[in-house]
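Inspection log for the structure reproduced underneath, given as structure tokens.
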Amino acid sequence: MMLSADSLRILSALSLRTKRSFYGTRYGSHRSLRRGHGMEFAEYRTYEVGDNPRTIDWNLYGRSDKLYSKRFLEEENVALYIVIDGSRSITHPELREKWDCARCLALATSYVALSSHDVVTVSILGGATSCRFSGGRSYGRIQDFLYAETQRLDKDPNTVIDLERETKLLASRLTFPGICIFISDFLYPQDLVYGIFSHLRARNLELHAIQVLGEDDVCPADSGDSALYADSETGEDRELDVSPRAVEEYTQLLQEHNESIRLAIVEQGASFVQVAMDSNRTAEESAVTAVTSMGVFV
């Protein structure tokens, strides 16, 4: 899957914005915690033997008869971690619209970050974690990584994963603080959300969540009084009441669940954006719209 030229043109106008400063690994476009020789003034400090004489503010010396050095804000890159829920409710071939949207979200956010000289890592919970990508040319390598993961999931669509355990393992391997974008349908208990985000918060990450819902998640079609469905997570056949009244009750319960998830995520200090698929928009269009509405991209 590739993003269209129109989508890339929209994304090219965006850049990654952080709420706070991080240590980077090389020059970039974000304020660093380091003080050095950037363009933006940070503070004065008393001149000490060994400091570069070029940093002395001679005008201040003329007024105070004391030597002070100027310190400037360094600009460095930021680590962006894109984490995608790899559970069956998103990745199963019969639910491909959600997985396609998740991939488009990963590609869109990666494109913006790479264009800002940031470093991107993509992880599929229950699957693989990519290497650290940097530079505009790495965009194609992220496409290849997501394509390979899609092929793997198609071969084994019935794998059941422990999301909290997978998140804990992933968090333990993160070496740099930075921004984490967590993509999931969040169709699981609120306690699990708390557990997942607590592991990520412990790694000093700025957290953002994107909920991806399929058209059937939002508005299941009624087909009489009952119907037989396969549970996407366990594979078990279940007889469900799909009468108009039951569908109405389901819609109300889903709204309440989504609100509880949103509140849980916000309580963890993360932002929250919802993407609801419908027949009037492609997965790509839905993803790009969501990215442009996120506060982390401006």
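Atoms considered below: every heavy atom in the structure, side chains included; atoms not considered: hydrogens, waters and symmetry mates. Bear in mind the structure is a predicted one, so any value in this text is a computation, not a measurement.
In this structure, Tyr194 places its OH atom where more than 12 heavy-atom neighbours from other residues, nucleotides or ligands lie under 6.0 Å away. Annotation: Glu248, atom CD; neighbour count of heavy atoms from other residues, nucleotides and ligands within 6.0 Å does not exceed 12.
One finds the CD1 atom of Ile90 at 9.5 Å from the SG atom of Cys101 (value rounded to the nearest 0.5 Å). The distance from atom CG of Leu11 to atom CG of Leu3, rounded to the nearest 0.5 Å, is 6.5 Å. How far OG of Ser87 is from CD1 of Ile161: 5.5 Å, rounded to the nearest 0.5 Å. Between His208 atom NE2 and Leu80 atom CG the span is 9.0 Å, to the nearest 0.5 Å. Of the inter-residue distances, the one linking Leu170 atom CG with Arg165 atom CZ reads 12.5 Å to the nearest 0.5 angstrom. Note: Asp85 CG to Ser123 OG = 12.5 Å, rounded to the nearest 0.5 Å.
Using a 4.5 Å heavy-atom cutoff, the side chains of Leu105 and Ile82 are not in contact. Side-chain contact check for Leu187 versus Leu213: some heavy-atom pair is nearer than 4.5 Å. Residues Ser130 and Ile142 are not in side-chain contact: their nearest non-hydrogen atoms beyond the backbone lie 4.5 Å or more apart. Taking the side chain as every heavy atom from C-beta outward, Val273 and Gln211 never approach each other to under 4.5 Å. Contact check for Thr292 versus Phe297: no side-chain heavy atoms found under the 4.5 Å cut-off. Within the 4.5 Å cutoff, side-chain heavy atoms of Trp99 are placed close to those of Arg103. You'll find the side chain of Val296 reaches within 4.5 Å of the side chain of Glu206, heavy atoms only. At least one side-chain heavy atom of Ile265 sits less than 4.5 Å from a side-chain heavy atom of Val193.
Side-chain contact check for Thr167 and His199: no donor-acceptor pair (N or O, by modelled atom type) lies under 3.5 Å. No side-chain donor-acceptor contact under 3.5 Å links Tyr68 and Ser64. Between the side chains of Glu284 and Ser4, at least one donor N or O sits under 3.5 Å from an acceptor N or O.
Taking both residues in full, the closest heavy atoms of Ser172 and Arg203 are given as O-NH2, 4.4 Å, listed atom of the first, atom of the second, then distance. For Ala108 against Val291, the heavy-atom pair with the smallest separation is CB-CG2, 3.9 Å. Of all non-hydrogen atoms in Ala128 and Phe145, the two that sit nearest each other are O-CZ, 3.6 Å. The two residues Ala290 and Val275 have their closest heavy-atom pair at CB-CG2, 3.3 Å. Nearest heavy-atom pair, Leu16 versus Val112, reported as atom, atom and distance to 0.1 Å: N-CG1, 3.9 Å. Residue Ala287 comes nearest to Cys104 through the heavy atom pair CB-CB, 3.5 Å, listed as atom of the first residue, atom of the second, then distance.
Side-chain heavy atoms closer than 4.5 Å link hydrophobic residues (I, L, V, M, F, W, Y) into clusters, and following such links, even through other members, never connects Tyr250 to Met277. Linking ILVMFWY residues whenever their side-chain heavy atoms come closer than 4.5 Å, directly or via other members, leaves Val212 and Val218 in distinct clusters. Two different hydrophobic clusters hold Leu192 and Leu254 under the rule that ILVMFWY side chains link at heavy-atom gaps under 4.5 Å.
Remark: side-chain polar atoms of Asp217 are paired, donor with acceptor, to backbone N or O of Gly214 under 3.5 angstrom. Although no hydrogens or angles enter the test, the distance criterion places a donor-acceptor pair under 3.5 Å between the side chain of Glu97 and the main chain of Glu215. In this structure a side-chain-to-backbone donor-acceptor pair under 3.5 Å is present from Thr282 to Glu285. At least one donor-acceptor pair closer than 3.5 Å links the side chain of Asp118 to the backbone N or O of Val78.
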Practice task
Evaluate the criterion side-chain contact (heavy atoms from CB on, under 4.5 Å) for residue pair Val83 and Cys180; output intermediate values, then yes/no.
Solution key: CA-CA 7 Å; Val83 181; Cys180 176; 3.8 Å; yes
Exercise for the section: Verify side-chain contact (heavy atoms from CB on, under 4.5 Å) between Arg132 and Val120, making sure each step is shown before the conclusion. Expected result: CA-CA 6 Å; Arg132 288 165 55 85; Val120 177; over 6 Å; no
Handout entry: Stepwise side-chain contact (heavy atoms from CB on, under 4.5 Å) test for Ile210 and Ile181
Key = CA-CA 7 Å; Ile210 305 178; Ile181 296 177; 3.8 Å; yes
Problem - Test side-chain contact (heavy atoms from CB on, under 4.5 Å) applied to Val119 and Phe176, step by step - result: CA-CA 10 Å; Val119 180; Phe176 295 96; over 6 Å; no
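Not a single ring-ring contact (aromatic ring centres under 6.0 Å, His included) links Tyr81 to another residue, sequence neighbours left out.
In summary, Asp154 and Arg96 engage in a salt bridge, as defined by a charged side-chain N under 4.0 Å from a carboxylate O. The pair Arg245-Glu249 meets the salt-bridge criterion, with a side-chain N (NZ, NE, NH1 or NH2) lying under 4.0 Å from an Asp/Glu carboxylate O. Between Glu259 and Arg262 there is a salt bridge, since at least one side-chain N of the basic residue sits less than 4.0 Å from a carboxylate O of the acidic one.
Among the candidates Ser12, Ser116, Ser7, the single residue satisfying the side chain to side chain donor-acceptor pair (under 3.5 Å) test with Tyr111 is Ser12.
Aromatic rings of Tyr139 and Phe133 (six-membered ring for Trp) have centroids beyond the 6.0 Å cut-off, not under it.
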